[in-house]
*Asks:* 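One structure follows; several queries about it will come next.
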Number of protein chains: 2
Amino acid sequence: MAKRAQTTRVGISDVAAKAGVSLATVSRVMNGNLSVDPQIATRVRATATELKYQPNPTGRNLARGKTDTVGVVVPDLGNPTFQSVLRGVSRAAALDGYRVLIADSSEVSSEESILASEARRRCDGVVLCAPRMSPAELEELAPSLYPMVLVNRTTDATSSPSVIVDYGKGIQDLAAHLMELGHTRLAYVAGPESSASNGLRLAGLATFREANPSIEIQVLPNGSTFEDGYNSAAAVLDSGATGIMAFNDLTAMGLLSNLNERGIRVPAELSVTGFDDIPFARYTTPALTTADVPIVEVGEQAWRQMRDLLNSPEGNDAGASTPEGVTRTFSPSLVVRGSTAAPASKAQ
Amino acid sequence: MAKRAQTTRVGISDVAAKAGVSLATVSRVMNGNLSVDPQIATRVRATATELKYQPNPTGRNLARGKTDTVGVVVPDLGNPTFQSVLRGVSRAAALDGYRVLIADSSEVSSEESILASEARRRCDGVVLCAPRMSPAELEELAPSLYPMVLVNRTTDATSSPSVIVDYGKGIQDLAAHLMELGHTRLAYVAGPESSASNGLRLAGLATFREANPSIEIQVLPNGSTFEDGYNSAAAVLDSGATGIMAFNDLTAMGLLSNLNERGIRVPAELSVTGFDDIPFARYTTPALTTADVPIVEVGEQAWRQMRDLLNSPEGNDAGASTPEGVTRTFSPSLVVRGSTAAPASKAQ
DNA sequence: GTGAAAGCGCTAACAT
DNA sequence: ATGTTAGCGCTTTCAC
């Protein structure tokens with residue numbers, strides 16, 4: 001037990017005593033239960049205010065079997081994408097009276113499962129961003145994490161809802177844009193190989209290739225940072241392509257920077273596109289044509305899916321078979337700015 | 001009570017029964033209490049693993065009177081500064097087995113106090129980032145938030161520890177750098193008036209002025225975004241100053257962008273400095289001279305202060321008078337790059 | 001070294 | 001409409 005050297009923390013019983021009612025009544029009043037005499041309710045509320053009584057959430061949590069908290073598991077809190085997802089979840093959840101507990105695995109993927117389970121135990125559900133986790137591991141983990149909402153991936157194990165960004169469509173839109181401009185030789189400056197969203201872009205390009213056999217698309221292995229983009233310039237120039245699709249805005253900006261130093265004019269000699277539409281994209285010289293990814297909305301939607309799960313009749317216990325296999329897809333939207341134009345001489 | 005339509009959640013009693021010991025023993029084993037016979041301990045652990053038993057944190061929290069969770073209150077999760085503080089706290093706290101609960105007031109300062117109190121009740125302590133909260137409100141709130149650590153501000157009410165960035169020193173370093181370069185007419189393109197860190201920069205400049213009466217420093221009211229910086233160009237040029245200190249890197253970059261469009265050469269005609277040293281700062285043209293703010297470290301330090309408070313003999317109850325009035329200050333460090341140089345003709 | 005039992009602060013049957 | 005009471009799942013005295 002807890003024979004604590006307690007100071008003066010006000011508990012529900014203090015209020016009950018002072019207001020001359022039972023604990024249950026105080027509890028009812030505090031929870032807005034209408035079945036309390038208005039007069040008494042008022043008196044109890046006054047007493048609570050006077051005593052500065054604030055219900056202890058832990059006690060409540062234990063009694064109600066829920067915490068009004070949702071966990072958000074991310075591989076890296078330094079990554080703008082996950083920061084935005086987190087923000088989206090946090091704000092949307094707050095509107096429903098829920099809070100967010102963070103679980104940052106700091107890129108240590110071996111800890112991811114443990115972290116996620118831990119978070120799940122402390123919360124009513126988990127929003128999982130685990131792009132690198134193997135499908136097998138995810139499948140094994142999924143049941144114990146229910147209710148769970150997946151971001152940017154799906155799983156068959158449990159029919160957990162997913163919120164995903166259609167990176168494949170985004171890159172296709174970009175490729176189509178370049179094609180329509182008259183480019184016939186394109187190059188994709190790829191992201192990290194381990195990146196799931198890079199895989200999605202690659203798949204999108206494969207689709208595009210099939211539909212447009214006349215267009216050449218080279219894939220140039222690269223990374224995800226500004227510097228990676230900067231360092232890709234030589235390969236880009238060697239490729240002979242006139243339409244360059246960078247993995248994201250950051251690499252596009254790095255590329256732009258190097259190209260500028262070399263005196264290569266964009267978009268006159270080379271068209272360049274980014275991906276994400278980060279705030280800076282509009283301020284590069286020239287302003288960057290890119291695909292806007294509504295990532296905060298992804299977080300908001302993830303919360304909504306979670307809320308539906310939490311409110312579903314199935315209840316929130318582990319293992320149960322569940323109905324909600326919903327996948328919500330967000331499509332990036334093409335944002336045309338100054339970094340793309342018709343190719344210099346060639347086609348068109 | 002809770003006559004729940006419970007499914008098969010494994011509790012401590014299940015383990016106790018199956019292992020043929022008492023609840024207390026299982027608890028002791030799970031908590032690494034050495035006073036348990038090694039043989040029994042092993043058996044209990046095996047049973048726990050077999051049953052996939054995981055202690056319920058809520059029950060633990062209630063019994064122990066603590067949650068192993070710290071709340072981080074921020075005015076805006078979209079602001080890179082707070083994102084970094086959050087990240088610093090989260091990672092440092094994780095190393096000590098603590099988790100982070102987010103409270104994002106979404107700039108609604110009227111909710112800030114309530115949010116902070118709410119967070120405090122759910123957690124063992126609170127890291128408060130509330131730059132706009134009035135000193136009076138903070139003073140009133142502080143006692144009920146204990147243990148609390150303040151970021152970028154102090155209060156006298158409770159002697160809560162603070163972790164602050166010395167923006168005043170940073171801007172003075174920048175001014176001194178320009179002065180040493182030979183500039184005698186400086187201009188500070190200010191941030192938002194409501195910004196506390198802007199006030200700190202202003203105060204730093206006042207100090208600098210006193211120490212260096214021969215240097216002229218104009219203050220040009222402005223904002224905090226890239227666009228604000230862009231739009232400040234006219235005023236900057238009108239000022240006649242040759243050394244320009246922007247509120248932060250973003251506004252510096254906006255200014256740079258406009259200056260570039262006008263064909264004004266930096267640093268040949270005008271020297272420009274930023275503040276923060278965001279990752280992009282090194283990639284502008286020319287690369288930005290700025291003051292690096294170790295903001296993630298601020299978050300980490302905030303956690304350490306919190307940990308000290310949590311471990312202090314005073315215990316973590318409200319109202320108690322406490323010893324720790326420690327303020328930890330981080331000084332920005334000057335980062336000289338290409339955007340500053342000796343003035344064209346004038347002095348030197 | 002181990003178990004029995006008393007809580008931690010609250011909610012929710014159930015009875016009145 | 002209100003009170004009584006039995007828990008929620010765990011920790012921790014206290015006695016053995």
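Note that the structure is predicted; figures quoted are calculated from it, not measured. These values consider heavy atoms only, across backbone and side chains, with no hydrogens, waters or symmetry-generated copies. Below, chains carry the letters A, B, ... as their sequence lines are ordered, and counting in each starts from 1.
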*Asks:* From the options D:dG3, C:dT2, D:dT12, select the nucleotide whose nearest atom is closest to the side chain of B:Arg64.
*Replies:* D:dT12
*Asks:* Quick one: pull up CD in A:Gln305 and CG in A:Leu310 and give me the separation to the nearest 0.5 Å.
*Replies:* 12.5 Å
*Asks:* Could you give me the CA-CA distance, side-chain angles and deciding distance for A:Asp124 and A:Thr67, then say whether side chain to side chain donor-acceptor pair (under 3.5 Å) is met?
*Replies:* CA-CA 6 Å; A:Asp124 299 342; A:Thr67 61; 2.9 Å; yes
*Asks:* Touch check for A:Asn31, heavy atoms < 4.0 angstrom, all strands: base, sugar-phosphate only, or nothing?
*Replies:* sugar-phosphate
*Asks:* Ignoring hydrogens and angles, tell me if any N or O in the side chain of A:Ser162 forms a donor-acceptor pair with the backbone of A:Arg153 under 3.5 Å.
*Replies:* yes
*Asks:* Does any part of the side chain of A:Leu77, heavy atoms only, come nearer than 4.5 Å to the side chain of A:Leu86, both counted from C-beta?
*Replies:* yes
*Asks:* Using atom CG of A:Asp68 as one end and atom P of C:dT11 as the other, report the distance to the nearest whole Å.
*Replies:* 11 Å
*Asks:* In whole Å, what is the span from the CG atom of B:Leu51 to the P atom of D:dG9?
*Replies:* 15 Å
*Asks:* Starting from P on C:dA12, measure out to CG on A:Asn61 and report it in whole angstrom.
*Replies:* 12 Å
*Asks:* Tell me: CG of A:Leu23 to P of C:dA13, nearest whole Å?
*Replies:* 17 Å
*Asks:* Do B:Arg28 and C:dG3 have a side chain to base donor-acceptor pair shorter than 3.5 Å?
*Replies:* yes
*Asks:* Of the nucleotides D:dG3, D:dG9, C:dT11, which has the atom closest to the A:Ala63 side chain?
*Replies:* C:dT11
*Asks:* Heavy atoms only, 4.0 Å cut-off, all strands: where does B:Pro57 land among base, sugar-phosphate and nothing?
*Replies:* nothing
*Asks:* Taking the side chain as C-beta and beyond, is there a heavy-atom pair between A:Thr81 and A:Ser84 under 4.5 Å?
*Replies:* no
*Asks:* Does A:Ser27 have a side-chain nitrogen or oxygen under 4.0 Å from the phosphate oxygens OP1 or OP2 of C:dT11?
*Replies:* yes
*Asks:* More 5' along DNA chain C: B:Gly59 or B:Thr25, using each one's nearest nucleotide?
*Replies:* B:Thr25
*Asks:* What residues form a side chain to side chain contact (heavy atoms under 4.5 Å, CB included) with B:Thr47, not counting sequence neighbours?
*Replies:* B:Val15, B:Lys18, B:Ala19, B:Arg43, B:Leu51
*Asks:* Just the rounded figure in Å: distance from C1' of D:dG9 to CE of B:Met30.
*Replies:* 13 Å
*Asks:* D:dG3, D:dA1, C:dT2: which one has an atom nearest the side-chain heavy atoms of B:Asp37?
*Replies:* C:dT2
*Asks:* Taking only side-chain N and O atoms of B:Arg60, does any of them lie within less than 4.0 angstrom of OP1 or OP2 on D:dT11?
*Replies:* yes
*Asks:* For A:Thr58, which contact category applies under a 4.0 Å heavy-atom criterion: base, sugar-phosphate, or nothing?
*Replies:* nothing
*Asks:* Could you check how far NZ of A:Lys66 sits from P of C:dC10, rounded to whole Å?
*Replies:* 17 Å
*Asks:* Which comes earlier along DNA chain D counting from the 5' end, the contact point of B:Gly11 or that of A:Gly20, where each point is its nearest nucleotide?
*Replies:* A:Gly20
*Asks:* In Å and rounded to the nearest 0.5 Å, what is the CG to CE distance from B:Asn33 to B:Met30?
*Replies:* 13.0 Å
*Asks:* Calculate the interatomic distance between B:Asn33 atom CG and D:dT12 atom P; express it in whole Å.
*Replies:* 9 Å
*Asks:* For the helix from C:dG1-D:dC16 to C:dT16-D:dA1, measure the angle between the helix axis at one end and the axis at the other, each built from five pairs, rounding to 10°.
*Replies:* 40°
*Asks:* Rounded at 0.5 Å granularity, tell me how far CG in A:Asp96 sits from CH2 in A:Trp303.
*Replies:* 5.5 Å
*Asks:* Could you check which of C:dC10, D:dT11, C:dG9 has an atom nearest any side-chain atom of A:Leu62?
*Replies:* C:dG9
*Asks:* Between C:dC10 atom P and A:Gln54 atom CD, what is the distance in whole Å?
*Replies:* 11 Å
*Asks:* From the list C:dA5, C:dC10, D:dG3, which nucleotide is the closest neighbour of the side chain of B:Ala24?
*Replies:* C:dA5
